[in-house]
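See structure below.
Just so we're on the same page: letters track the sequence lines, and every chain starts at 1.
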Amino acid sequence: NAGVTQTPKFQVLKTGQSMTLQCAQDMNHEYMSWYRQDPGMGLRLIHYSVGAGITDQGEVPNGYNVSRSTTEDFPLRLLSAAPSQTSVYFCASIREPGQGYGYTFGSGTRLTVV
Amino acid sequence: GQQLNQSPQSMFIQEGEDVSMNCTSSSIFNTWLWYKQDPGEGPVLLIALYKAGELTSNGRLTAQFGITRKDSFLNISASIPSDVGIYFCAGEAAGNKLTFGGGTRVLVKP
């Protein structure tokens, strides 16, 4: 089925380790974004991309890097994991923002940093 | 940054009851979106609103885009057990960035 696929679903890291959260969509959406979800705080935007080769920072970008080499993929990299990065991470995509269609979200990656 | 205040933070429902939740902001949004999140899943779009004053329904759900463009509400009529979950409002402003409310957790009355 078409949609947004995130891997892995669960991950435990030690402080200081690095890893990449994968996100892929097969809907030919130009706009992709990464959010983190923490209890009582809704979803906060980490980074986003309006198309291949273009990325920009969101509300909470520190400690994360992104790249967008293809339309389909938008990986999120944690450079040196910290306990404060323990969260649930969601990737989302949309064909064209502002048209009322809403974003399609992946099922999330639950990350624990110990 | 922009903030959305969503209330209530949680509520208990009894089957058949109507429930209501709302979001307010100090900033203007061009689009209001309402999402529902089930455990272990990502948010799923329920209703999208993109005109001030717009009232839109989707089955038992009704949502309105406030006339000031700074608020929105969501009503669920005749609630059923599968309505349990977390509901999020989200506002889309210029620059195409979504800002989410803190969520309303809907639970079943014991």
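Judged as a ring-ring contact (aromatic ring centres under 6.0 Å, His included), and not counting sequence neighbours, the contacts of A:Y64 are A:Y89.
Using a 4.5 Å cut-off between heavy atoms, A:L45 touches chain B through its side chain atoms alone. Interface remark: A:Q37 contributes side-chain atoms only to the contact with chain B (heavy atom separation under 4.5 Å).
Looking only at heavy-atom pairs under 4.5 Å with chain A, the residue among B:G40, B:G103, B:P43 that has the most is B:P43. Interface check for chain A: of the options B:Q37, B:Q9, B:R105, B:Q6, the most heavy-atom pairs under 4.5 Å are formed by B:Q37.
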Only pairs under 3.5 Å count here: list side-chain donor-acceptor contacts from residues 12-24 of chain A, not counting sequence neighbours, and write none if there are none.
| residue | atom | partner | partner atom | Å |
| --- | --- | --- | --- | --- |
| A:T15 | OG1 | A:V114 | O | 2.8 |
| A:Q17 | OE1 | A:K14 | N | 2.7 |

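Side-chain contact, A:D38 with A:S87: a donor N or O sits under 3.5 Å from an acceptor N or O. Side chains of B:N30 and B:R69: a donor on one and an acceptor on the other come within 3.5 Å.
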